[in-house]
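This report refers to the structure that appears directly beneath it.
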Amino acid sequence: MSPLVAYLVQFVLALLLAPLLPGIINRVKAKFAGRHGKPLLQLYFDIFKLLRKGEVISRSASFVLSLGPAVSLATALCALALLPLGGVTSPLAFQGDFLLAAYLLGLGRFAVILAALDTGSSFEGMGASREATFSALAEPVLFCCLLALACVGGALHLENHLSLSGMLGGRPGTEWLLGRSELLFVPVVLFVLLLVENCRIPVDDPNTHLELTMIHEVMILDHSGPNLAFILYGSALKLWFFAALPAGILIPDLSPWWAQALCWLATILLMAVLVGVVESVMARLRMYSVPRLLGGAGVLAALALILTQIR
Amino acid sequence: MSLFVLAIGLLGVAAVALLVLAGLPPSMRVTRLANVLGPGCVVAACGLGLAGVFSGPWELILQFSLTWGLPLGEFSLGLDPLTRLFLLPVFGLGAVCALSGGLSLRKTRPEEHNLAAHWFFYVLLVAGMAVVLAARDAVLFLIAWEVMSLAPFFLIDFDDSDRKVRDAAWIYLVAAHLGAVLLIAYFALLWQVGGSTDFAVLAAQEHSSYTSALFLLGLLGFGAKSGIAPMHVWMPEAYPAAPGHVAGLQSGAMINAGLYGILRGFDFLGQPVDAPLWWGWCILVLGLATALMGILKALAQSNLKRLLAYSSVENVGIMLVGIGAGVLGAASGHPWIATLGFAGMLFHMLNHSAFKGLLFLCAGEVQQATGTVAMNRLGGLQKRLPLVGGLFLLGAASIACLPPFNGFAGEFVLALSLLDGASLPTVELQLGLLLSLVILGLVSGLALAAYTKAYGITFLGDARSEAAQHPHVAGWRSLWPLLFPAAACVGGGLLAGRCFELVAPTAQIAAHLPPLAELSGARAVNEVGHILDIIAAVGGAVVLLTAILLLVRCRLLRRRPVECRETWGCGYQFGTPRIQYTEASYSEPLGRLFGSVMGLKITEKGGGGLFPGRASLTISAPDRVRTSLFTPLFEAVERLCNALKIVQHGKIYLYILYILVTLVALLIWGMHA
Amino acid sequence: MTGLLQLLLLVLTLNNLALLGVDRLRSLIRLITLQGVLLAGVLLALDHILLAPAVLIIKGGILPYLLNRTRRRIGAEPHLRPRFGYGWAVLAGMGGLLFSFWLEGRLPMPPGLFPPLLLPAALTTLFCGLVLVVGRVTALSQVMGYLVAENGIFLLGIPLMSAGAIWFELTLLLDIFVAVFVMGIAINHISDTFESIDVNRFHNLRD
C-alpha cells in the first residue's frame, strides 16, 4: 500500500473516531464515580441532532458569530492534515510545518474568541479573555517541546527534522529508549498542554453549571444548531490532534506501517482514558494557579530542549 | 533613476505650490484646491517613484549626482536593492495615506485647518523619506533626515486646539532631535575617520578602533526613530494625536528609516560577516526585549491608537530579532541563517507597512465616525460600519501572525532562520536562537490576545456609548484607498513565495553575503519559496473549507427557524451594554501575570462598608520608561539650566561684556597656540 | 550504570528547579529529603558503595528529621515568604543551569574526570541553593538553602574523591551536620527570644 493511501486511511479514521474521545473520557469518569454514564457515542448523537436543528442567534451578533465555528473546524481539519498520522509522513509535510499547525490552531482560536465577544455577553467575554491568556502562555511551551524533538532529529541527521513528520515519525521518539531520558519530559508536557488547550480538568471544568468558572464552554453559550455542531466536532478534532502528539513520541518506528498505526491508535485512546482518570482524581485548579501549572510545564520543556541541545 | 529623480522633483514642485497656497488667505476654494492638489501630486509622484523602483533589473545599482554650493557634501542619490525595497512602503503607503487623508478631509472648513500647510508638510515627509533612503552622501542624508523628522511635528499638530495634541507633538519633536543629535555625532565621527561624506568612500575605508562606538551611536540614533525600547516613548504619544493617515504613514513607512539606517550602517562599520558576535547578541536581546515589552504594553492600553502604537514597537522588535539572527549567523559563518534572518526582517518590514497602515487608517475612520478611539466607549461597530470592521478584522488577523495572511509568511521566514540556529557552532548560539523562537511564540500568542481585544472590544458586542450607537457612516467612496493595503495583506500571504524571491537576494546583497549558489548544504531560495507556496495552499484550503462549511450551514438552515433573541445572561433580564466585558477586564488575567511589565496603575475609590456609596475603579497604563527615566532626566536638565539663569539676566550691556571677554579670551588662546 | 547516573542527575536538576518553585515549607523539606536520596543514588551509581548508605542516612534521614522537628518546635508558618516571585526564582535557576553548561564548556578539566552532566548538575545545585538563600525570608528556609548549596559542593567533590579522601568527606558531612544541628537550636532560641525568625529583622541587632 502506498504511503499516501496509508495516510488517507488514517486521516479518515481520525475524522471518524475523533468524537469517540470525549465519549471515552466521560465513560471513564462515570466508572470512577460508580455511575453507568452516557453512551460512548453520545457526541455523535449530539452532533447529528444539532445538525438537524434550527438556530437561535444573539441580537447583538454580526457575521463574526457564525464565522467562528466554521473557521475553527476548518483550521482543526487542516492542522490535523499536517500531523504524521500513525507515523506515516503527511503529504503536506515541509520544514517548519509545526509553526503552520500551531498558528492554524491559533487562527481557529482567534475566530472562536471573536465569536464569543460578538455576543456582547460578559460571561463569554470572560471566557474569551481566559482562553486568550492561557493559549498565549501555552504557545511557547508547545514550541519548546517540538524544538527539543527537532534537535534530536537534527542530531540523528534526519532529512525532515524540522517538520512534524520528522519529529513525530518515530525516529526521534525512540531515542528515549536509548538513554535520552530527558525526552520523557516531552510527552508529560504535551499531556499538560492537551489538558490546557482542550479545556479539561484541572484547567477548566467542561461539566460545571457555573458560567463564571468555565473557559471554553462559556465561550460557546450562544451558539446553537449547526454552529454548535461545528464547534463540538472541531474541539473533538483538536483533542485528537493533541492526543496524537504524545503518541508520536512514545511509539517507536515499527516496520509494518499498520503495526505503528495500531499502536498510535491505542495510545490516543489511552490518552483519553488518562484524561478521564485525571478528571476523576483531581479538582479544578484556581484560575490563577493555571499559569503556574503552565510555567512548570514550560520549565520541563525548556529543560528538555536545553539538555537535548547540550548533548 | 530618472523616473525616481522626477518623482522627487515633482514632490519639490508640489511643496512650493502648496506653500504658496498656504500663504493665501483661507477660503473654501483654496482649501478645496489644496486638498486636491496635495494628494494628487503625492499620488502622481509615488506612481512615478514606484515606476522608477521597478524599472530596470532589481539588482542594478544606479547613481545620480549634482554638485551644490555647500562647502561639504554633494547632492548624490542612488538606487540599489536595499533602497528599492525600503522605497516600496514609502511610495505605496504614501499614496494610499494621501488618498485616504484627502477623502477624509474633504469636508474640512477653511477656518478649521489650513489644509495647504498640512499637505505641504505631508509632501515634505514623503520626499524626506525618499531622499533619506536614496541619499548617498552623509550631509544630504542628515538634511533629509531632519526634514523627515521635522515635518511630522506639524502633521501631528493637526488638531492644534487640543492641548494634549500639542504636548504629544512636542514629545515627538524632542525625541526626534535627541536621535538626530546622536546621528550627527555618528556621521561626524565617520567623516573624521573616513575623510569624506560620500557613502562609497566611507564604505571602502578601513575599520578603525571607533567601530564599536560608532555601532552603539548608530543603534541608539536610528533606534530612536524606529522606537526601540527604551526610546519608544514618543510613539504612544504621537500616533494617537495624529490624524489616521499621518499615523499610518509614520508607523508604516517612517520608522522603517531607522531600520534602514542600521542595515546601511553595516556598509560603513564592517559587514555582518566580519562583525563581532556581541553586536548580534546586542541587537537580538534588544529586539526580544522590545517585542515583549511592546506587546505587553499594547495589551494594557485602552485607547485603540495607543494600542496600535505599542504594537508598532513590538513589530520593530521582531524585525530587530531578524537583524540580530542575521548578524549572528553571518558572523559565525552560516550565511544561510543570515540570509533567512535578514530576508525575514525585510519581509516583515513590508508586511508591517501593509497591515499597520491599514489598521491606522481604519482607526482613523473609527475616530471620524464616532469621535473617539477610547475602546470603553466603542463597541458594536461591526454592524454599523461593516466595511471598516471587515478591513480591521483582516488587518488584525494579519498582524496577529495568522495564516494565510502576510504576517505569518514574514514571521515564518524569520522563524526558519532561528530554527536553523541549531546548526551553529557553539551552545550559547544554538540555545540563544532557539529560545528566541520560543519567546517569539509567546509574543505572537500575546499579539493574538491584543488584537482580539482591539477588534473584539471596538467592533463587536453592543455599543457602549451614544457616539458608537449612531456613528457617521462612511461609504465605499471614502474607503476605497484602504483596499490597497488590504489587498497587500492577502496577496503577501498567498504570493509569499514570490515576495520571498524578491526579498532574499536583496538581503544577500545588502548584507554582502555570498550568493546562495556558492553555499554548500544550504537549501535554495526556491525551496523556501516552495514551502511558502505550500503554506499559501494550506491557507487557501482553510478559506475554501470555511466557505464550504458556511454554505453547508446555510443549506441546513434553509426552511428552519433562525431566531434572533437576547444574549444569554443567566436569566437576568435587564442587561445593558455596560455589563459587557471591557478592554480592561479583557486583559486583566494577563495583567495579573505581567502587571509589573505592563505598568498597570489601578486606582480604586470607595465601595467599602455595609452601605457602599459610589465606587470607581480606574485602570491606566502610563509608560514607566517615560515617567521614571525620561521625566526625571529632563527635570534634572531643566534644573541645571535654571541654575545657569544667573548669567541670563536681560541686561544688554553685560551681554556685550560677555562677547568682549570671549573675544579677548579667544584672541589670547589663538596667540598662545 | 551511566544510564542510571544520567537519569538521577536529570531528576536532581529537576528537583533543584522544583525547590525554587514550591511555596510550602513541608514540600521544601520533602524535596530536600529527595535530594539527599538522589545524592546517595549518584554515589551508588559511581560505585562509592560505602559512602552511599552514610549519605542516605545523614542527608536523607537525619537532616530532614531535624528540619522537621525544628519546624514543628518553632511552629513555623506553613508558607514560605519569598523576597521575589517564585517564577523569577525558577527563571534564575534556569539561568544558573544555562550558565553551568556554558561554564562546563569553558572550564579546563582533565577529560574523563567528570561523567557527563555531573558538573552542570552540581553547579546548578549550588546556584539553586544560593538563590534559595537570597530569595526566602525565614531563617529556616535559609538553612535549607545552605544545605542545598552544600549538596552541590558535595557533588562537585565526588569525582575528586579517591579512596583515602573518604574520611575527609565524612568529616565534611559531619561538619555540616553539626552546623545544621546548631543552627536548628539557634533558630529555636531566636524564635523563643524574638518571636520571629524573619531575617529581615535581624539587622536591628547590629550595634
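Nothing here was measured: the structure is a model prediction, and the numbers come from that model. Just so it is clear: chains get the letters A, B, ... in the order the sequence lines come, proteins before strands, and each one is counted from 1.
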statement: Ordered numerically, the heavy-atom neighbours of chain C under 4.5 Å found in residues 278-301 of chain A are A/R292, A/V299, A/L300
- line: Minimal heavy-atom distance between C/I58 and C/P64, with the atoms involved, is O-CD, 4.1 Å
query: Taking the side chain from C/R136 and the backbone from C/L20, do they hold a donor-acceptor pair closer than 3.5 Å?
result: yes
message: Using only atom types and a distance under 3.5 Å, with no angle test, would you say the side chain of C/S27 pairs donor to acceptor with the backbone of C/D23?
response: no
Quick one, [X] and [Y] - any side-chain contact, counting heavy atoms below 4.5 Å?
X      : Y      : answer
A/F191 : A/V275 : yes
A/L147 : A/F98  : yes
C/L155 : C/L12  : yes
A/C199 : A/E131 : yes

- prompt: Out of C/V90, C/L14, C/L7, which one racks up the most heavy-atom pairs below 4.5 Å with chain A?
  reply: C/L14
- prompt: Where does A/L303 contact chain C at under 4.5 Å (heavy atoms): side chain, backbone, both or neither?
  reply: both
query: Is it the side chain or the backbone of A/L307 that comes within 4.5 Å of chain C heavy atoms, both, or neither?
result: side chain
- request: Give, as side chain, backbone, both or neither, the part of C/L91 having an atom under 4.5 angstrom from any heavy atom of chain A.
  value: neither
message: I'd like to know if the side chain of C/T13 pairs up with that of C/T124 as donor and acceptor (distance under 3.5 Å, no hydrogens or angles considered).
response: no
